Amino acid sequence: MTSRDTGTRIRKAPAERRHEIIRAAARVGLAEGLECVTLRRIADELGVQPGLVGHYFPAADTLVADAFTSATMAELDGLLPAAPAHPADLERPKDPAAPADPGHPESPTASKDPAAPADPGHPESPTASKDPAAPADPDRPGHKDPLSTLRRFFTLIASTEFDNVSKLWLNARHLSRYRPVLRDHVIDQELLWCRRIEQLIATGTSAGVFRCANPWTAAVRILVAIDGSSAYINTSADTRTAPIADLARTVAETELALPPGSLAAEGTTMLPYTSTGPR
């Protein structure tokens, strides 16, 4: 039985409850679309009263934006884990649903914006430098094998397991036209994804694995190629063809001066192309 059924509520620490709400909203957004992330829908998902969700998120648009950030951050961390904190490449705050410090429980009346200023001295503070041209340190753990890391990245985003995230990005960009809070989160995530790719390219270039004069420009072009091929996710997922599935990878190989197929999954046989597809 749920707390709604019994009329009683299980009391949780504010940070834990907020984390639970955002995670539920992220699941709904991924599976059903961000339009389905409403206070009542998430309350039903958790078996609580809508007023409880509204207590933490008086504005549904804020919950939608946090749900988007939570889902896309989790995906990014799985695809391209961040290197350990370093003064040259500090990023915006992590997943807004990430548990807070147990010693500093979050007040339910505090700002719910995951991009709200944090401690400037903390490695993940949003007040830290975001200079996209800041050099990456090739000796840091997490950047030891940039070629394999990038190969894994392109293998994963070309798989059907990435489809729901592609749909979420397409959905969020459409809704951001009308929802300013969501638009800010989408911009932040775009920059963060570019930043992760740029850091990896800069590391590989420093190590002599890639040849790239401007890692930031290359990262932007690669992300545009990923988003461009994902734009067809709602209409061509069932008829996925190699030219679409391989678009981002082949753009990356060109940007990094790599031989064709260098970033393909290991064991993949590259077929020559004709105007109508692979021979």
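In this text, all values refer to a predicted model and were calculated from it rather than measured experimentally.
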(request) Give a yes or no answer on whether the side chain of Arg151 reaches the backbone of Ala264 with a donor-acceptor pair at less than 3.5 Å. (result) yes
(request) Determine whether Arg18 and Phe57 make a side-chain contact, defined as any pair of heavy atoms from C-beta on separated by less than 4.5 Å. (result) yes
(request) Answer yes or no: is there a side-chain heavy-atom contact under 4.5 Å between Leu191 and Arg195? (result) no
(message) A side-chain contact here means heavy atoms from C-beta on lying under 4.5 Å apart; do Ile226 and Phe153 qualify?
(response) yes
(request) Supply the atom-to-atom distance Leu39 CG to Leu63 CG, rounded to the nearest 0.5 angstrom. (result) 6.5 Å
(request) Looking only at non-hydrogen atoms, find the nearest pair between Ile157 and Ala248 and report the distance. (result) CD1-CB, 4.4 Å
(request) Indicate whether any N or O donor in one side chain lies under 3.5 Å from an N or O acceptor in the other, for Gln189 and Thr72. (result) yes
(message) Would you say that Phe154 contacts Ile222 through its side chain, given a criterion of any heavy-atom pair below 4.5 Å between the two side chains?
(response) yes
(message) Donor-acceptor check, side chain of Arg183 to backbone of Ser176, threshold 3.5 angstrom: yes or no?
(response) yes
(request) Taking the side chain as every heavy atom from C-beta outward, state whether Asp246 and Arg249 have any atom pair closer than 4.5 Å. (result) yes
(message) Do Thr205 and Arg211 pair up side chain to side chain, a donor and an acceptor below 3.5 Å, judged on atom types alone?
(response) no
(message) Quick check on the hydrophobic clustering: are Leu192 and Leu182 connected, directly or via other members, by side-chain heavy-atom contacts under 4.5 Å?
(response) yes
(request) Would you name the heavy atoms of Ser70 and Arg23 that are closest together and state the gap between them? (result) OG-NH1, 3.0 Å
(request) Inspect the surroundings of CD in Glu161 and state if more than 12 heavy atoms from other residues, nucleotides or ligands are less than 6.0 Å away. (result) no
(request) Would you check if the side chain of Thr254 reaches a backbone N or O of Thr250 as a donor-acceptor pair within less than 3.5 Å? (result) yes
(request) Kindly compute the distance separating CH2 (Trp169) from CG (Leu223), expressed to the nearest 0.5 Å. (result) 7.0 Å
(request) Indicate the atoms forming the closest heavy-atom contact of Ile42 with Ala25, along with that distance. (result) CD1-CA, 3.5 Å
(message) Can you give me the closest heavy-atom contact between Ser262 and Leu147, atom names plus distance?
(response) O-CD1, 4.3 Å
(message) Looking at Arg41 and Glu32, is there a salt bridge between them, counting it only when a charged N and a carboxylate O are closer than 4.0 Å?
(response) yes
(message) Quick check for you: to the nearest 0.5 Å, what is the distance between Ile233 atom CD1 and Lys167 atom NZ?
(response) 6.0 Å
(request) Working to the nearest 0.5 Å, report the span between CZ of Phe68 and CD1 of Ile22. (result) 14.0 Å
(request) Would you check if Arg173 and Asp227 make a side-chain contact, meaning some heavy-atom pair closer than 4.5 Å? (result) yes
(request) Kindly compute the distance separating CG (Asp145) from OG1 (Thr203), expressed to the nearest 0.5 Å. (result) 11.5 Å
(request) Measure the spacing between CD of Glu20 and CG of Leu52 and express it to the nearest 0.5 Å. (result) 8.5 Å
(request) For Glu253 and Leu263, work out which heavy atoms get closest and say how close. (result) OE2-N, 2.9 Å
(message) Quick one, Asn171 and Leu175 - any side-chain contact, counting heavy atoms below 4.5 Å?
(response) yes
(request) Answer whether the closest heavy-atom distance between the side chains of His55 and Arg17 falls below 4.5 Å. (result) no
(request) Quick one: closest heavy-atom pair of Val37 and Val64, and the distance? (result) O-CG2, 3.5 Å
(message) Given 3.5 Å as the limit, does a donor-acceptor pair link the side chain of His185 with the main chain of Thr69, or not?
(response) no
(message) Which residue is it: Asp44, Val48, Thr38? I am looking for the one with a side-chain contact (heavy atoms from CB on, under 4.5 Å) to Val53.
(response) Val48
(request) State whether Asp77 and Arg196 are salt-bridged, where the test is any N-O pair (Lys NZ or Arg NE/NH1/NH2 against Asp/Glu carboxylate O) under 4.0 Å. (result) yes
(message) For Trp193 and Phe162, take the angle between the two ring planes, folded into 0 to 90°, and tell me which bin it lands in: parallel under 30, tilted 30 to 60, perpendicular over 60.
(response) tilted
